[in-house]
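A quick write-up on the structure given underneath.
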Amino acid sequence: MKSICLLLFPVLAAAALAATPPAAKNPAREANSTRKAGAVAARPVIHLGLSPEEVMKIIGHPDNVEAIKTPAGKGERWTYKRLEKEWTDQIAATVDVVPAFVGEVMPNQGIGDVEVPHNHLEHVKLYQVSTLVFVGGKLVAVTQQPKKESQIEN
């Protein structure tokens, strides 16, 4: 009896699966998956040939604008300085030598010098500096470089 049940069980399970109708399409689910796929809209990108107004719409007003002369004529250099990250480190800036007891304590013995570090805080900021050059109302050059600024607190 057990062997008959064991033999029939896979056959019955396969028949039950075959008889199950395919899942009905869910329009809400399809619309949601379509929205997710299209949700990543293309972000505007800076490229050569853009006008100053187009650049300003994409990345905003520059931190500094400077008039320059180029072989192609008069132009402008725009500079953007954006903070990427900042942190604080503890550093040993100076070392003092002070008298202290070292070794055995006996009359006039065991006195020596010890180096004592003075710790200071260093505040560090890392910036991304972007420079854009416009000539004739069009973007002709772009450079980016990191800039590190640090300040030691006494």
Can you name the residues that form a side-chain hydrogen bond (donor to acceptor under 3.5 Å, both in side chains) with H120, not counting sequence neighbours?
none
Tell me, please, which residues at least two apart from Q128 pass side-chain hydrogen bond (donor to acceptor under 3.5 Å, both in side chains).
none
Taking the hydrophobic residues Ile, Leu, Val, Met, Phe, Trp and Tyr, and joining any pair whose side-chain heavy atoms are under 4.5 Å apart, which ones share a cluster with I152?
I91
Can you name the residues that form a side chain to side chain contact (heavy atoms under 4.5 Å, CB included) with Q90, not counting sequence neighbours?
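Q90 satisfies side chain to side chain contact (heavy atoms under 4.5 Å, CB included) with N119, L121 once adjacent residues are dropped.
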Applying side chain to side chain contact (heavy atoms under 4.5 Å, CB included) to H47 and not counting sequence neighbours gives L50
Is the closest side-chain heavy-atom distance between P52 and V55 below 4.5 Å?
no
Would you call D96 and H118 a side-chain contact if the rule is heavy atoms closer than 4.5 Å?
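The answer is yes; the side chains approach within 4.5 Å.
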Under a 4.5 Å side-chain heavy-atom rule over Ile, Leu, Val, Met, Phe, Trp and Tyr, are M56 and L48 clustered together?
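Cluster IDs for M56 and L48 match.
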Can a donor-acceptor pair be found between the side chains of H123 and T88 at a distance below 3.5 Å?
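Note: H123 and T88 side chains meet the donor-acceptor criterion.
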Name every donor-acceptor pair, under 3.5 Å, that has one atom in a side chain of residues 132-148 and the other anywhere in the protein, sequence neighbours excluded.
unit_1 : atom_1 : unit_2 : atom_2 : d
Q144   : NE2    : S130   : OG     : 3.1

Could you give all pairs that pass the salt bridge (Lys or Arg N to Asp or Glu O under 4.0 Å) test and reach residues 114-128, with sequence neighbours left out?
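Found none.
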So side-chain hydrogen bond (donor to acceptor under 3.5 Å, both in side chains) across residues 56-72, not counting sequence neighbours, yields E66-R77
Results of salt bridge (charged side-chain N to carboxylate O under 4.0 Å, His left out) for K74 - residues two or more places apart only:
none
Hey, can you pull the donor-acceptor pairs under 3.5 Å for the side chains in residues 79-87, sequence neighbours left out?
unit_1 : atom_1 : unit_2 : atom_2 : d
Y80    : OH     : G60    : O      : 2.7
K81    : NZ     : E149   : OE2    : 2.7
R82    : NH2    : I59    : O      : 3.2
W87    : NE1    : D89    : OD2    : 3.2

Ignoring hydrogens, what is the shortest heavy-atom contact between P99 and D113? Give both atom names and the distance.
CA-OD1, 3.8 Å
Under the criterion side-chain contact (heavy atoms from CB on, under 4.5 Å), I'd like the reasoning laid out for I58 against I46: C-alpha separation, chi angles, the key distance, then a yes or no.
CA-CA 7 Å; I58 296 171; I46 300 296; 3.8 Å; yes
